[in-house]
Amino acid sequence: MEVERRRVKMEAERKDQEMKKIGNYHNKVEMVFRVLGFVLSFVAAIVVGLNKQTKLVPLTVSLNLPPLDYTFIAKWHYLSAFVYLLATNIIACSYSFISLFLLLKNKSKDNILGLLIIVLDTVMVALLFSSSGAAAAVGVIAYHGNSHVQWNKVCDIYGRFCKQVAASTVLSLAGAVVFMLLVVLASVGLQKRPN
(Lines give C-alpha, C1' and ligand atoms only; values in the text may rest on other atoms or scores of the structure.)
Protein backbone atom coordinates (compact mmCIF):
# COMPACT_ATOMS: atom_id res chain seq x y z
CA MET A 1 0.00 0.00 0.00
CA GLU A 2 2.79 2.41 0.94
CA VAL A 3 4.69 1.53 -2.25
CA GLU A 4 1.60 2.33 -4.31
CA ARG A 5 1.22 5.76 -2.65
CA ARG A 6 4.88 6.59 -3.35
CA ARG A 7 4.49 5.55 -6.97
CA VAL A 8 1.38 7.73 -7.37
CA LYS A 9 3.13 10.65 -5.65
CA MET A 10 6.21 10.28 -7.88
CA GLU A 11 3.99 10.11 -10.97
CA ALA A 12 2.19 13.30 -9.89
CA GLU A 13 5.52 15.07 -9.29
CA ARG A 14 6.78 13.98 -12.73
CA LYS A 15 3.62 15.31 -14.41
CA ASP A 16 3.97 18.54 -12.45
CA GLN A 17 7.55 18.99 -13.68
CA GLU A 18 6.47 18.29 -17.27
CA MET A 19 3.70 20.90 -17.00
CA LYS A 20 6.22 23.45 -15.67
CA LYS A 21 8.55 22.73 -18.60
CA ILE A 22 5.68 23.13 -21.07
CA GLY A 23 4.60 26.32 -19.30
CA ASN A 24 8.12 27.78 -19.46
CA TYR A 25 8.42 26.91 -23.15
CA HIS A 26 4.96 28.39 -23.78
CA ASN A 27 5.95 31.62 -22.01
CA LYS A 28 9.19 31.95 -23.99
CA VAL A 29 7.41 31.42 -27.31
CA GLU A 30 4.73 33.93 -26.33
CA MET A 31 7.36 36.54 -25.42
CA VAL A 32 9.15 36.02 -28.74
CA PHE A 33 5.85 36.42 -30.63
CA ARG A 34 4.99 39.58 -28.69
CA VAL A 35 8.39 41.13 -29.40
CA LEU A 36 8.02 40.13 -33.06
CA GLY A 37 4.53 41.66 -33.18
CA PHE A 38 5.92 44.85 -31.65
CA VAL A 39 8.79 45.07 -34.15
CA LEU A 40 6.64 44.33 -37.20
CA SER A 41 3.92 46.83 -36.31
CA PHE A 42 6.49 49.45 -35.29
CA VAL A 43 8.41 49.17 -38.56
CA ALA A 44 5.17 49.12 -40.59
CA ALA A 45 4.03 52.32 -38.87
CA ILE A 46 7.37 54.02 -39.51
CA VAL A 47 7.47 52.97 -43.18
CA VAL A 48 3.99 54.29 -43.92
CA GLY A 49 4.34 57.34 -41.65
CA LEU A 50 7.47 58.58 -43.40
CA ASN A 51 6.14 57.86 -46.87
CA LYS A 52 6.21 60.91 -49.11
CA GLN A 53 7.35 61.43 -52.67
CA THR A 54 7.62 64.60 -54.76
CA LYS A 55 7.64 64.29 -58.52
CA LEU A 56 8.15 66.90 -61.24
CA VAL A 57 5.76 66.04 -64.09
CA PRO A 58 5.66 67.86 -67.45
CA LEU A 59 2.09 68.83 -68.41
CA THR A 60 1.18 69.65 -71.99
CA VAL A 61 -1.39 72.44 -72.13
CA SER A 62 -1.30 72.93 -75.87
CA LEU A 63 0.48 71.17 -78.69
CA ASN A 64 1.97 74.49 -79.82
CA LEU A 65 3.42 75.34 -76.40
CA PRO A 66 6.24 73.62 -74.54
CA PRO A 67 5.16 71.46 -71.59
CA LEU A 68 4.90 73.08 -68.18
CA ASP A 69 6.62 71.41 -65.28
CA TYR A 70 4.31 70.84 -62.36
CA THR A 71 5.28 69.43 -58.97
CA PHE A 72 3.06 66.64 -57.62
CA ILE A 73 3.37 65.38 -54.06
CA ALA A 74 2.13 62.04 -52.73
CA LYS A 75 1.78 61.77 -48.95
CA TRP A 76 0.48 58.94 -46.82
CA HIS A 77 -2.22 61.08 -45.19
CA TYR A 78 -3.87 61.94 -48.51
CA LEU A 79 -5.71 58.60 -48.46
CA SER A 80 -7.75 57.43 -45.50
CA ALA A 81 -6.73 53.78 -46.03
CA PHE A 82 -3.11 54.71 -45.33
CA VAL A 83 -4.12 56.77 -42.29
CA TYR A 84 -6.01 53.70 -41.04
CA LEU A 85 -2.96 51.51 -41.74
CA LEU A 86 -0.75 53.83 -39.70
CA ALA A 87 -3.27 54.12 -36.84
CA THR A 88 -3.80 50.37 -36.50
CA ASN A 89 -0.08 49.67 -36.54
CA ILE A 90 0.49 52.28 -33.83
CA ILE A 91 -2.29 50.69 -31.77
CA ALA A 92 -0.85 47.19 -32.30
CA CYS A 93 2.66 48.37 -31.48
CA SER A 94 1.52 50.07 -28.28
CA TYR A 95 -0.58 47.09 -27.28
CA SER A 96 2.34 44.70 -27.89
CA PHE A 97 4.56 46.73 -25.61
CA ILE A 98 1.94 46.98 -22.85
CA SER A 99 0.97 43.31 -23.05
CA LEU A 100 4.61 42.25 -22.95
CA PHE A 101 5.12 44.38 -19.84
CA LEU A 102 1.96 42.97 -18.21
CA LEU A 103 2.94 39.38 -18.94
CA LEU A 104 6.39 39.93 -17.45
CA LYS A 105 4.84 41.44 -14.30
CA ASN A 106 2.09 38.79 -14.01
CA LYS A 107 3.90 35.95 -12.24
CA SER A 108 0.71 34.58 -10.64
CA LYS A 109 -0.87 33.84 -14.03
CA ASP A 110 -4.09 35.75 -13.35
CA ASN A 111 -6.89 34.14 -15.41
CA ILE A 112 -8.77 37.41 -15.94
CA LEU A 113 -5.68 39.15 -17.30
CA GLY A 114 -4.93 36.14 -19.51
CA LEU A 115 -8.47 36.19 -20.92
CA LEU A 116 -8.28 39.95 -21.51
CA ILE A 117 -5.00 39.53 -23.39
CA ILE A 118 -6.48 36.78 -25.58
CA VAL A 119 -9.46 39.00 -26.43
CA LEU A 120 -7.20 41.98 -27.21
CA ASP A 121 -4.90 39.78 -29.32
CA THR A 122 -7.97 38.83 -31.35
CA VAL A 123 -8.89 42.50 -31.75
CA MET A 124 -5.34 43.23 -33.00
CA VAL A 125 -5.71 40.44 -35.58
CA ALA A 126 -8.93 42.01 -36.85
CA LEU A 127 -7.53 45.55 -36.91
CA LEU A 128 -4.31 44.63 -38.70
CA PHE A 129 -5.98 42.41 -41.29
CA SER A 130 -8.64 45.03 -42.04
CA SER A 131 -6.15 47.89 -42.39
CA SER A 132 -3.86 45.78 -44.56
CA GLY A 133 -6.80 44.88 -46.77
CA ALA A 134 -7.84 48.52 -47.11
CA ALA A 135 -4.29 49.62 -47.97
CA ALA A 136 -3.88 46.74 -50.42
CA ALA A 137 -7.15 47.66 -52.17
CA VAL A 138 -6.04 51.26 -52.64
CA GLY A 139 -2.61 50.01 -53.71
CA VAL A 140 -4.09 47.78 -56.42
CA ILE A 141 -6.08 50.71 -57.80
CA ALA A 142 -2.96 52.90 -57.69
CA TYR A 143 -0.96 50.22 -59.50
CA HIS A 144 -3.50 49.19 -62.15
CA GLY A 145 -5.90 52.13 -62.24
CA ASN A 146 -9.60 51.74 -63.00
CA SER A 147 -10.72 52.66 -66.49
CA HIS A 148 -14.44 52.39 -65.62
CA VAL A 149 -14.27 55.38 -63.27
CA GLN A 150 -11.38 57.11 -65.08
CA TRP A 151 -8.82 56.59 -62.32
CA ASN A 152 -5.37 56.56 -63.81
CA LYS A 153 -2.38 54.57 -62.60
CA VAL A 154 -0.27 56.54 -60.17
CA CYS A 155 2.43 54.00 -59.38
CA ASP A 156 4.00 54.82 -62.75
CA ILE A 157 4.71 58.29 -61.38
CA TYR A 158 5.16 57.53 -57.67
CA GLY A 159 7.09 54.27 -57.79
CA ARG A 160 8.95 54.65 -54.50
CA PHE A 161 5.78 55.77 -52.71
CA CYS A 162 3.90 52.69 -53.92
CA LYS A 163 6.75 50.37 -52.94
CA GLN A 164 6.82 51.79 -49.41
CA VAL A 165 3.06 51.34 -49.07
CA ALA A 166 3.40 47.75 -50.29
CA ALA A 167 6.21 47.09 -47.81
CA SER A 168 4.20 48.55 -44.94
CA THR A 169 1.17 46.49 -45.94
CA VAL A 170 3.21 43.27 -46.00
CA LEU A 171 4.76 44.08 -42.60
CA SER A 172 1.30 44.78 -41.20
CA LEU A 173 0.02 41.47 -42.58
CA ALA A 174 2.96 39.68 -40.98
CA GLY A 175 2.11 41.38 -37.69
CA ALA A 176 -1.50 40.20 -38.02
CA VAL A 177 -0.28 36.64 -38.55
CA VAL A 178 1.92 36.90 -35.45
CA PHE A 179 -1.04 38.05 -33.36
CA MET A 180 -3.13 35.23 -34.83
CA LEU A 181 -0.41 32.78 -33.77
CA LEU A 182 -0.57 34.28 -30.26
CA VAL A 183 -4.31 33.54 -30.16
CA VAL A 184 -3.65 29.98 -31.34
CA LEU A 185 -0.87 29.59 -28.77
CA ALA A 186 -3.18 30.80 -26.00
CA SER A 187 -5.91 28.41 -27.14
CA VAL A 188 -3.49 25.50 -27.09
CA GLY A 189 -2.30 26.59 -23.66
CA LEU A 190 -5.89 26.56 -22.40
CA GLN A 191 -6.33 23.02 -23.69
CA LYS A 192 -3.20 21.74 -21.92
CA ARG A 193 -4.06 23.22 -18.51
CA PRO A 194 -4.72 20.69 -15.78
CA ASN A 195 -8.29 20.60 -14.50
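FYI, side chains are in, hydrogens and waters are out, and symmetry mates aren't considered; it's all heavy atoms of this structure. In this chain, residues are counted from 1 in sequence order.
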[X] (side chain) donor-acceptor with [Y] (main chain) under 3.5 angstrom:
X	Y	value
Gln164	Phe161	no
Trp76	Gly49	yes
Ser131	Leu85	no

Side chain to side chain contact (heavy atoms under 4.5 Å, CB included) assessment of Ile73 paired with Lys55: CA-CA 6 Å; Ile73 301 172; Lys55 196 73 172 188; over 6 Å; no

Mind checking the [atom1]-[atom2] spacing from [X] to [Y]? Nearest 0.5 Å is all I need.
X	Y	atom1	atom2	result
Lys105	Leu100	NZ	CG	12.0 Å
Leu182	Phe33	CG	CZ	6.5 Å
Phe179	Ser99	CZ	OG	6.5 Å
Cys162	Lys153	SG	NZ	11.5 Å
His77	Leu86	NE2	CG	10.5 Å
Leu103	Ile98	CG	CD1	12.0 Å

Can you check whether [X] reaches [Y] side chain to side chain, under 4.5 Å on heavy atoms?
X	Y	value
Val57	Asp69	no
Tyr70	Leu56	no
Val29	Val32	no
Phe72	Tyr158	yes

Same apolar cluster (I L V M F W Y, side chains within < 4.5 Å links), [X]/[Y]:
X	Y	result
Val170	Val48	no
Phe101	Leu40	no
Leu116	Ile91	yes
Tyr84	Tyr95	yes
Val43	Phe82	no

Atom of [X], atom of [Y] and distance for their closest heavy-atom approach:
X	Y	answer
Leu127	Thr88	O-CG2, 3.9 Å
Ile90	Ala45	CG1-CB, 4.1 Å
Ala44	Ser168	O-OG, 2.8 Å
Leu128	Gly175	CD1-C, 3.8 Å
Ala176	Val125	O-CG2, 3.9 Å
Thr169	Ala135	OG1-CB, 3.6 Å

salt_bridge(Asp121, Arg34) N-O dist < 4.0 Å: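 Looking at Arg34 together with Asp121, the answer is yes, because their closest N to O distance falls below 4.0 Å.
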
Heavy atoms of other groups near Tyr78 OH, more than 12 under 6.0 Å: yes

Atom CZ of Phe129 with >12 non-hydrogen neighbours under 6.0 angstrom: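 More than 12 within 6.0 Å, yes.
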
Under 3.5 Å side-chain donor-acceptor pair for Ser172 and Ser132: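 Short answer, yes.
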
